[in-house]
**Q** 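Have a look at this one.
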Amino acid sequence: MKKNWWKALAVLILTYVVFQGFLGVVPRQPILNESIRNVYFHVPLWFGMITLLLTSAVYSIRYLRNGKSDDDLVAVEFANTAILYGILGCATGSLWANFTWGEPWPNDPKLNSVAVGMLMYLAYLILRGSFDDEQRRARISAVYNIFAFAVFVPLIFVVPRLTDSLHPGNGGNPAFGQYDMDNNLRMVFYPAIIGFILLGLWITELRVRLRRLKVALEE
């Protein structure tokens, strides 16, 4: 039980976030209206995704340094969970965009950059299935994973700032929190980030355990 305290914390935090997300008090802002509640879900999912992708890249670096197949296994499972978070982030973002911008996926540099980044990581999974030799697959995948993360971060954080963008905090558009975030939102938003990161770690842990069990049975 002592080792699983963080799982209980994740459940408590996310229960609080879901309750407040649907029933809590939120500021009434023009255009955003009730859709501002999505800040508790959409943005923390992206924070969680970046954290998971970073951890995946770290394990890929570890694999290249020590050659342990378990590090490659952990790296791919962190990437799998991150891709799930990315898909959920795109879905919640499209829903929000449909209410505030009039269409689910406008021609916006931030959104297009995210789409390119997600395709890069889907290609990572396809790449892993292209090799029969385990060591070769692990080495090439590890290098690609590190490269993908190094490209992904500037692609979604730097490139959109260099041009006009509808997305808050990009292309001269002020950041969301500068005008719309109040203390009521912050009391839920910051715990939501922690909760979704912990949930991602939990999902990945379960997937890693299943993958290790499968490897053990095959041996």
Side-chain angles (χ1 to χ4, degrees), residues 3-4 6-7 10 42-93 105 109-162 170 193-219:
K3 294 181 179 179
N4 296 323
W6 59 274
K7 298 177 182 177
H42 173 65
V43 182
L45 280 168
W46 286 110
F47 274 96
M49 182 193 69
I50 295 298
T51 303
L52 295 169
L53 290 179
L54 172 61
T55 310
S56 176
V58 169
Y59 272 94
S60 289
I61 293 172
R62 288 183 55 175
Y63 172 78
L64 292 176
R65 293 184 62 183
N66 57 38
K68 293 182 179 179
S69 58
D70 190 69
D71 286 335
D72 175 64
L73 181 152
V74 175
V76 69
E77 291 305 340
F78 268 108
N80 280 328
T81 308
I83 291 172
L84 171 63
Y85 267 38
I87 293 171
L88 293 175
C90 287
T92 53
W105 199 283
K110 180 78 168 185
L111 276 66
N112 294 337
S113 295
V114 165
V116 172
M118 292 298 297
L119 289 174
M120 282 174 30
Y121 274 97
L122 290 174
Y124 166 68
L125 300 182
I126 295 173
L127 177 67
R128 291 188 62 85
S130 303
F131 299 96
D132 294 326
D133 183 85
E134 293 184 5
Q135 292 186 349
R136 186 183 180 193
R137 175 180 61 202
R139 286 196 304 270
I140 295 177
S141 297
V143 172
Y144 182 93
N145 191 25
I146 297 167
F147 169 79
F149 183 76
V151 173
F152 186 72
V153 171
L155 187 64
I156 65 171
F157 289 115
V158 178
V159 173
R161 295 176 182 272
L162 302 179
N170 297 274
I193 294 173
I194 297 172
F196 277 104
I197 290 175
L198 291 177
L199 178 62
L201 295 176
W202 192 353
I203 294 172
T204 305
E205 182 197 49
L206 292 174
R207 291 186 59 89
V208 168
R209 289 170 63 183
L210 288 173
R211 182 69 72 92
R212 285 172 176 166
L213 181 60
K214 181 179 179 181
V215 171
L217 291 174
E218 290 176 349
E219 293 177 349

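Atom set for the values below is all heavy atoms of this structure, side chains included, hydrogens, waters and symmetry mates excluded.
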**Q** Passes side-chain contact (heavy atoms from CB on, under 4.5 Å), F78 versus V208? Steps please.
**A** CA-CA 9 Å; F78 268 108; V208 168; 5.7 Å; no
**Q** How many angstroms lie between CG in L155 and NZ in K110, if you round to the nearest 0.5 Å?
**A**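 Separation between the atoms: 9.5 Å.
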**Q** Find the distance between CG (N112) and CD1 (I156) and round it off to the nearest 0.5 Å.
**A**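 Here the interatomic distance stands at 13.5 Å.
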**Q** Look up atom CD1 in I194 and atom CH2 in W6, then write down how far apart they are to the nearest 0.5 Å.
**A**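 The CD1 atom of I194 sits 14.0 Å away from the CH2 atom of W6.
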**Q** Could you go through I61 and D71, starting from their C-alpha distance and side-chain angles, then the distance that decides it, and tell me whether this counts as side-chain contact (heavy atoms from CB on, under 4.5 Å)?
**A** CA-CA 9 Å; I61 293 172; D71 286 335; over 6 Å; no
**Q** Could you go through the side-chain contact (heavy atoms from CB on, under 4.5 Å) check for Y85 and T51 one step at a time?
**A** CA-CA 11 Å; Y85 267 38; T51 303; over 6 Å; no
**Q** Report yes if some heavy atom in the side chain of M49 is under 4.5 Å from a heavy atom in the side chain of Y121; otherwise report no.
**A**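 They are not in contact (no side-chain heavy atoms under 4.5 Å apart), so the answer is no.
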**Q** For Y124 and S141, work out which heavy atoms get closest and say how close.
**A**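 Heavy-atom minimum between the residues: CE1-O, 3.3 Å.
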**Q** For F149 and I50, which heavy atoms make the closest approach, and how far apart are they?
**A**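 So the two residues come closest at CE1-O, 4.1 Å.
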**Q** Atom CD of E77 and atom CG of D72: how far apart are they, to the nearest 0.5 Å?
**A**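 The CG atom of D72 is 10.0 Å from CD of E77, to the nearest 0.5 Å.
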**Q** Any side-chain heavy atom of R212 sitting closer than 4.5 Å to one from V215?
**A**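 Sidechains of V215 and R212: no contact.
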**Q** Counting N and O atoms only, with roles assigned by atom type, does the side chain of Y63 sit under 3.5 Å from a partner on the main chain of L73, one being a donor and the other an acceptor?
**A**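 Between the backbone of L73 and the side chain of Y63 there is no qualifying donor-acceptor contact (under 3.5 Å).
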**Q** Any heavy-atom pair between the side chains of I87 and M118 that's under 4.5 Å?
**A**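 Yes, at least one pair of side-chain atoms sits under 4.5 Å.
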**Q** Distance check, rounded to the nearest 0.5 Å: M120 atom CE versus F147 atom CZ?
**A**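 It comes to 6.5 Å.
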**Q** Is any side-chain heavy atom of R211 closer than 4.5 Å to one of V76?
**A**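 They are in contact (side-chain heavy atoms under 4.5 Å apart), so the answer is yes.
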**Q** Report the distance from atom CG of L125 to atom CD1 of I83, rounding to the nearest 0.5 Å.
**A**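 L125 CG to I83 CD1: 4.0 Å, rounded to 0.5 Å.
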**Q** Could you tell me if N145 and S56 have a donor-acceptor pair between their side chains, going purely by distance under 3.5 Å?
**A**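 There is such a pair between these side chains.
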**Q** Does F47 CZ have over 12 foreign heavy atoms under 6.0 Å away?
**A**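 Counting other residues, nucleotides and ligands, CZ of F47 stays at 12 neighbours or fewer.
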**Q** Between L64 and I146, is any pair of side-chain heavy atoms under 4.5 Å apart?
**A**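 Result yes, sub-4.5 Å side-chain heavy-atom pair found.
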**Q** Could you check N80, I197, T81 and say which one makes a side chain to side chain contact (heavy atoms under 4.5 Å, CB included) with L52?
**A**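 The passing option is T81.
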**Q** Pair up each side-chain donor or acceptor in residues 129-136 with any protein partner under 3.5 Å, not counting sequence neighbours, and list the distances.
**A**
| residue | atom | partner | partner atom | Å |
| --- | --- | --- | --- | --- |
| S130 | OG | I126 | O | 3.0 |
| D133 | OD2 | Q135 | N | 3.3 |
| D133 | OD2 | R136 | N | 2.7 |

**Q** Taking the side chain as every heavy atom from C-beta outward, state whether S113 and F152 have any pair of such atoms under 4.5 Å apart.
**A**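 Side chain of S113 against side chain of F152, heavy atoms only: no contact under 4.5 Å found.
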